[in-house]
Visitor: 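Below is a structure I'd like to ask you about.
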Amino acid sequence: MESPWILEQFGLLIISLLANLLSALAGGGAGLLQFPVLLFLGLSFATALATHKIASVALGVGATLRHLREGSLEPRFALFMLGCGLPGVILGANLILDLDETLAVLALGCLTCGLGLYSIFKQELGMSASRRNRDLNGMLIGGAGLFVIGALNGSLTSGTGLFVTMWLVRWFGLDYQRAVAYTLILVGLFWNGFGALAVALQTPPRWEWLPVLLIGSMLGAYFGAHLGIAKGNRTIKRCFEVLTLLVGAKLIWDGLIGL
C-alpha cells in the first residue's frame with residue numbers, strides 16, 4: 001500500500017521542482033505544470049487552486065534566499081509594487097470561486113502568447129536597464145497596471161507572474177534579470193502569500209500534499225534563480241519567451257475546452 005503513496009509524493013516533488021525552476025528562470029508560469037497535475041490527480045478546481053497557491057509561496061521563499069544576496073532591489077519601489085498589487089490580489093482571490101473563468105482564461109491565454117511574441121520581435125527589450133516612467137503620471141499608470149495584474153494573480157492560476165515581469169521591463173525600463181528578481185520575491189512571496197490565504201479561507205487545500213510541494217517549490221526556485229543570475233539577461237529573455245508561449249497555448253486550450 002505504501003508504494004503508490006511514495007510514487008505519488010515523488011511525482012509531485014519532481015513536477016513542483018521542474019515547474020518552479022522554469023518559473024524562477026523566466027519570471028513566472030509555475031502553474032503551467034503544477035496546477036494541471038493537481039487537477040489530473042483528482043482535486044476539484046477550488047481545492048487544486050488553494051493547494052497550488054499555498055505551494056507557490058515557497059517559490060518566493062526560494063528565490064528570495066538567492067536574490068537577496070545580490071542586493072538588487074530598491075526598497076521604495078518594492079513597497080510601491082506591494083501597495084499597488086496586494087489589493088488587486090485580495091480582490092481577485094475573493095471573486096474567482098464565484099465566477100465562470102472560461103472567457104477570462106481564454107483572453108489571458110491570448111494576451112500571454114502576445115507577451116512572448118512581443119518579446120521575440122523586440123530583440124533588445126530587457127537586455128539593459130533604462131529607468132523610465134518614474135514621474136507622478138508614470139507611477140500612477142504603472143501602479144494601476146500592477147493592481148490589474150494583481151487581481152489576475154489572485155484569481156487565476158498560470159502566467160500572471162510573467163505579466164508582472166513584462167510590465168516591469170516595458171513600462172519601468174528594468175532589464176529582465178532585475179524584473180525577474182522583483183517578480184519572484186514580491187509576487188512569489190507576498191502576492192501569492194496573500195492570495196493563498198484568501199483562497200484557503202474559502203476552500204481548504206490538500207494538506208497532505210503540501211509538504212512535498214513546498215519542498216519542490218523552494219528548491220526549484222532557488223536553483224532557477226541561481227541559473228538566471230549566472231546566465232544573465234539573454235537566457236532569461238529566451239526562457240521568458242518560451243514559457244509565455246507555452247503558458248498562453250495551455251490557457252487558450254483550457255478556455256476552448258471550457259466553452
Side-chain angles (χ1 to χ4, degrees), residues 16-17 19-31 34 52-90 92-93 126 129 131 134 139 142-143 145-147 149-150 152-154 158-198 213-233 235-237 239-240 243:
S16 179
L17 188 68
N20 287 279
L21 188 148
L22 292 173
S23 180
L25 261 176
Q34 187 165 276
H52 168 67
K53 287 289 186 186
I54 294 174
S56 66
V57 176
L59 169 66
V61 175
T64 298
L65 291 174
R66 182 63 185 88
H67 275 291
L68 284 184
R69 289 166 53 188
E70 302 299 307
S72 57
L73 270 63
E74 301 174 33
R76 292 179 62 185
F77 189 69
L79 289 174
F80 169 75
M81 284 186 63
L82 291 178
C84 294
L86 286 179
V89 172
I90 295 169
R131 185 185 179 95
R134 300 301 179 95
M139 296 297 280
L146 290 170
F147 175 84
I149 300 171
L152 292 173
N153 176 269
S158 298
T160 51
L162 299 168
F163 273 71
V164 175
T165 298
M166 176 56 79
W167 187 241
L168 295 177
V169 170
R170 181 64 186 87
W171 186 255
F172 290 111
L174 276 65
D175 59 57
Y176 268 108
Q177 193 171 76
R178 184 73 59 87
V180 166
Y182 277 105
T183 298
L184 292 178
I185 295 173
L186 300 177
V187 175
L189 191 57
F190 294 99
W191 288 24
N192 287 348
F194 275 79
L197 178 62
L213 289 173
L214 289 168
I215 292 170
S217 295
M218 188 178 300
L219 291 175
Y222 183 89
F223 289 114
H226 179 77
L227 283 174
I229 292 168
K231 297 297 183 180
N233 284 316
T235 298
I236 295 172
K237 179 179 171 69
C239 289
F240 175 88
L243 207 56

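One is the number of the first residue; the rest follow in order along the sequence. These figures come from a predicted structure and were not determined experimentally.
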Visitor: Is Asp175 reaching over with its side chain to a backbone N or O of Gly126, donor-acceptor style, under 3.5 angstrom?
Guide: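 No; judged by distance alone, with no hydrogens or angles, the pair does not exist.
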Visitor: I want to check something: taking the side chain as every heavy atom from C-beta on, are Met166 and Trp171 in contact at a cut-off of under 4.5 Å?
Guide: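 A side-chain contact is absent here, since even the closest heavy-atom pair is not under 4.5 Å.
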Visitor: When rounded to the nearest 0.5 angstrom, what is the spacing between OG1 in Thr235 and OH in Tyr176?
Guide: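 So the OG1 of Thr235 and the OH of Tyr176 are separated by 13.0 Å.
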Visitor: Are there over 12 heavy-atom neighbours, none belonging to Tyr222, within less than 6.0 Å of that residue's OH?
Guide: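 Enclosed: over 12 neighbouring heavy atoms sit under 6.0 Å from OH of Tyr222.
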Visitor: Quick one: does any side-chain atom of Asn20 pair with a main-chain N or O of Leu59 as donor and acceptor, under 3.5 Å?
Guide: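 Not confirmed, Asn20 side chain does not pair with Leu59 backbone.
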Visitor: Atom CD1 of Ile149 and atom SG of Cys84: how far apart are they, to the nearest 0.5 Å?
Guide: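 Reported value, rounded in 0.5 Å steps: 11.0 Å.
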Visitor: Cation-pi between Arg134 and Phe77: NZ/CZ under 6.0 Å from ring centre and within 45° of the ring axis?
Guide: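 Verdict for Phe77: a cation-pi partner in Arg134.
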Visitor: Mind checking whether Trp167 and Phe172 have parallel, tilted or perpendicular rings, split at 30° and 60°?
Guide: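 Perpendicular, since the angle between the ring planes exceeds 60°.
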Visitor: Start with the C-alpha gap between Met81 and Val164, add the side-chain angles, then the distance that decides, and say whether side chain to side chain contact (heavy atoms under 4.5 Å, CB included) holds.
Guide: CA-CA 10 Å; Met81 284 186 63; Val164 175; 3.8 Å; yes
Visitor: What's the separation between atom CG in Leu86 and atom CZ in Phe190, rounded to the nearest 0.5 Å?
Guide: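 Output value for this atom pair is 8.5 Å.
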Visitor: Could you tell me whether the side chain of Gln177 and the main chain of Ile236 form a donor-acceptor pair under 3.5 Å?
Guide: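 No.
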Visitor: Within this structure, what is the NE2-OG distance for the pair His52 and Ser16, rounded to the nearest 0.5 Å?
Guide: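 It is 9.5 Å, given to the nearest 0.5 Å.
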Visitor: Quick one, Ser217 and Gln34 - any side-chain contact, counting heavy atoms below 4.5 Å?
Guide: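 Yes; the side chains approach each other to less than 4.5 Å.
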Visitor: Is the shortest side-chain heavy-atom distance between Trp191 and Leu82 below 4.5 Å?
Guide: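 Yes; the side chains approach each other to less than 4.5 Å.
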Visitor: Heavy atoms, side chains only, cut-off 4.5 Å: are Leu168 and Thr183 in contact?
Guide: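 In short, these two side chains touch, coming nearer than 4.5 Å.
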Visitor: Do you know which two heavy atoms are closest between Leu22 and Leu243, and how far apart they sit?
Guide: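 So the minimum-distance heavy-atom pair works out to O-CD2, 3.9 Å.
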Visitor: Minimum heavy-atom separation for Thr64 and Leu189, please, with both atom names.
Guide: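 Closest approach of Thr64 to Leu189: OG1-CD2, 3.8 Å.
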Visitor: Kindly give the heavy-atom pair with the smallest separation between Ala24 and Leu184, and that separation in Å.
Guide: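 Result for this residue pair: O-CD1, 3.3 Å.
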Visitor: Any side-chain heavy atom of Phe80 within less than 4.5 Å of one from Leu146?
Guide: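 Yes - at least one pair of side-chain heavy atoms lies under 4.5 Å apart.
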Visitor: To the nearest 0.5 Å, how far apart are CG in Leu79 and CZ in Arg76?
Guide: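 Here the interatomic distance stands at 9.5 Å.
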Visitor: Say you draw a straight line from CG of Leu227 to NZ of Lys231; how long is it, rounded to the nearest 0.5 Å?
Guide: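 Result: 7.0 Å between the selected atoms.
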